[in-house]
Amino acid sequence: MWVEPLKLLKNIFGGIFPRSGRKQLLSRLERILGYSFKDARLLETALSHRSCVSDDGRGEAVSNERLEFLGDSVLDMLVSEYLYRDFPAAAEGELTRKKSAIVSR
């Protein structure tokens, strides 16, 4: 099931295609996923690792790091809420250890 999207991602960000070709591949990926992004630049940014990006015309590299930071924060919040509710008698230190073990994986 995931083989085709993974091959597409490799082609999109493997330096094989010019930017215009990547747009077509991103559209194809959206069709496979069954979801159309309102802002296609967000999808491209989400899939762009810092080691493979160029600057945005203003001398700034645009990669997924800011989105990764946001995602990590959301995941941290969700795991924290889950642990807080499912372990009502647990002390803060125990909850912190559990959260660390879950989030680090």
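From a predicted model like this one, the values you see are computed outputs, not experimental measurements. We count residues from 1, following the sequence as given.
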Which hydrophobic side chains are connected to Met77, either touching it within the sub-4.5 Å cutoff or through other members that do? Val74, Leu78
Does Leu67 sit in a hydrophobic cluster with other residues, and if so which ones, taking ILVMFWY side chains as linked at heavy-atom separations under 4.5 Å, directly or through other members? Leu42
Side-chain donor-acceptor pairs under 3.5 Å in residues 29-37, sequence neighbours left out?
residue : atom : partner : partner atom : Å
Glu30   : OE2  : Phe37   : N            : 2.8

d(Asp86 CG, Glu81 CD) to nearest 0.5 Å is 10.0 Å
Can you tell me how far the CD atom of Glu44 sits from the OG atom of Ser63, to the nearest 0.5 Å? 12.0 Å
Contacts of type side-chain contact (heavy atoms from CB on, under 4.5 Å), residue Asp76, not counting sequence neighbours: Ser80, Lys99, Val103
Residues passing the side-chain contact (heavy atoms from CB on, under 4.5 Å) test with Lys98, sequence neighbours excluded, are Leu83, Phe87, Glu94
Is there a donor-acceptor pair closer than 3.5 Å between any side-chain N or O of Thr45 and the backbone N or O of Arg41? yes
Taking only residues two or more places apart in sequence or in another chain, which ones pass ring-ring contact (aromatic ring centres under 6.0 Å, His included) with Phe69? none
Would you say Leu75 ends up clustered with Ile102 if hydrophobic residues are merged whenever their side chains have heavy atoms under 4.5 Å apart, either directly or through other cluster members? yes
